[in-house]
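Written out below as structure tokens is the structure these notes cover.
Everything numeric in this text was worked out from a predicted model, so none of it was measured. Residue numbers start at 1 and run along the sequence shown.
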Amino acid sequence: MTATSPDLQLQRATSITRSADRIVVLTGAGISTDSGIPDFRGPNGVWTRNPAAEKMSTLSHYLNDRSVREKSWQARLHNPAWTARPNSGHIAIASLAHSGRLHALITQNVDGLHQLSGINAAKVIEVHGTMRLTRCWACDDVRNMADALERVRAGAVDPECMECGGILKSDTISFGQSLVPEVIDAAFAAASECDLLVAIGTTLQVYPVAQCVPHAKAAGASVIIVNAGPTAHDATADLVLTGSISEILPTLFEQ
């Protein structure tokens, strides 16, 4: 077994994880692909297979083009996340949370699978929002997405806000939309307080959240990256584990 063998790397990573008391986990789309939710820019990603779909995630197109909104509502209605279940990767992080050592979970995902896995919602920092709620662009009214989807099933092609008649969108961050400062501040605060940050299923190319990795490192934390391929911060990490996330995490976070 060589010094760079995957098995030895995983053993070292597991040793670091076992000795950590305040662990922050940062997740991206890669953790949910084994639950049947495609990523965006991977070989089988949503935007790779259908570049026009990116328009539905661009705020200016969404607000100014009714046809884009109509297509967006149909895409929401048939989103695989509604039937997806947490996979072994999600469950492994939940077991870490139940051990009391998960300080915070920062996620770029909007699918809500971390909460479904049993992690207390108070521990989850959703930097890009959630698809499980709607928000009115005019009056800021927030409601369950399920209510709007029932209206779509009943024939509403572009359901309006029930309060003011304004444009509804999912409570997610679109291209061209500002992040919520308080949420980003919470993510960076968590990164500065941990003794270990584990980045999972993200290429760490989306900022500012990717900056949590060097931020944690500068604050004295160890950094482990788990991903199917290279990331933008591999050089920052103490260890990089490449392979199947749903196979690596149960070992990495075993109690």
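Criterion: ILVMFWY side-chain heavy atoms under 4.5 Å apart, direct or through other members. Under it, Val226 and Ile91 are not part of a common hydrophobic cluster. With hydrophobic clusters built from ILVMFWY side chains whose heavy atoms lie under 4.5 angstrom apart, Met162 does not share a cluster with Leu149. Clustering ILVMFWY residues whenever any of their side-chain heavy atoms sit less than 4.5 angstrom apart, transitively, puts Ile125 in the very cluster that holds Leu179. Both Met145 and Val152 belong to a common hydrophobic cluster when Ile, Leu, Val, Met, Phe, Trp and Tyr are linked at side-chain heavy-atom distances under 4.5 angstrom.
For residues 63-104, the set of pairs meeting the ring pair (Phe, Tyr, Trp, His ring centres under 6.0 Å) definition, not counting sequence neighbours, comprises His90-His114. Within the structure, the ring pair (Phe, Tyr, Trp, His ring centres under 6.0 Å) test picks out the following pairs touching residues 215-240 (sequence neighbours left out): Phe188-His215. Sorted pairs that involve residues 174-192 and meet salt bridge (charged side-chain N to carboxylate O under 4.0 Å, His left out), not counting sequence neighbours, are lacking altogether.
By the side chain to side chain contact (heavy atoms under 4.5 Å, CB included) test, Ala121 pairs with Gln115, sequence neighbours left out. Applying the side chain to side chain donor-acceptor pair (under 3.5 Å) test to Arg76 and every residue at least two apart in sequence or in another chain returns Tyr62. A search for side chain to side chain donor-acceptor pair (under 3.5 Å) contacts involving Ser88 returns nothing, not counting sequence neighbours.
Closest of all the heavy-atom pairs between Ala138 and Gly166 is CB-CA, 4.2 Å. The shortest heavy-atom contact between Val25 and Leu102 is CG2-CD1, 3.7 Å. Considering all non-hydrogen atoms of both residues, Ala94 and Ile119 come closest at CA-CG1, 3.7 Å. Across Asp234 and Val240, no two heavy atoms sit closer than the pair O-CG2, 3.8 Å. The nearest pair of heavy atoms linking Leu204 to Ala210 is O-CB, 3.4 Å. Heavy-atom minimum distance, Ile106 versus Cys212: CD1-SG, 4.3 Å.
Of the candidates Thr172, Val183, Val110, Val180, His128 forms a side-chain contact (heavy atoms from CB on, under 4.5 Å) with just one, namely Val110.
For the atom pair CD1 (Ile200) and CD1 (Ile31), the distance works out to 5.0 Å, reported to the nearest 0.5 Å.
A side-chain donor-acceptor contact under 3.5 Å links Asn87 and Ser35.
Summarising the local packing, NZ of Lys71 is surrounded by 12 or fewer heavy atoms from other residues, nucleotides or ligands at distances under 6.0 Å.
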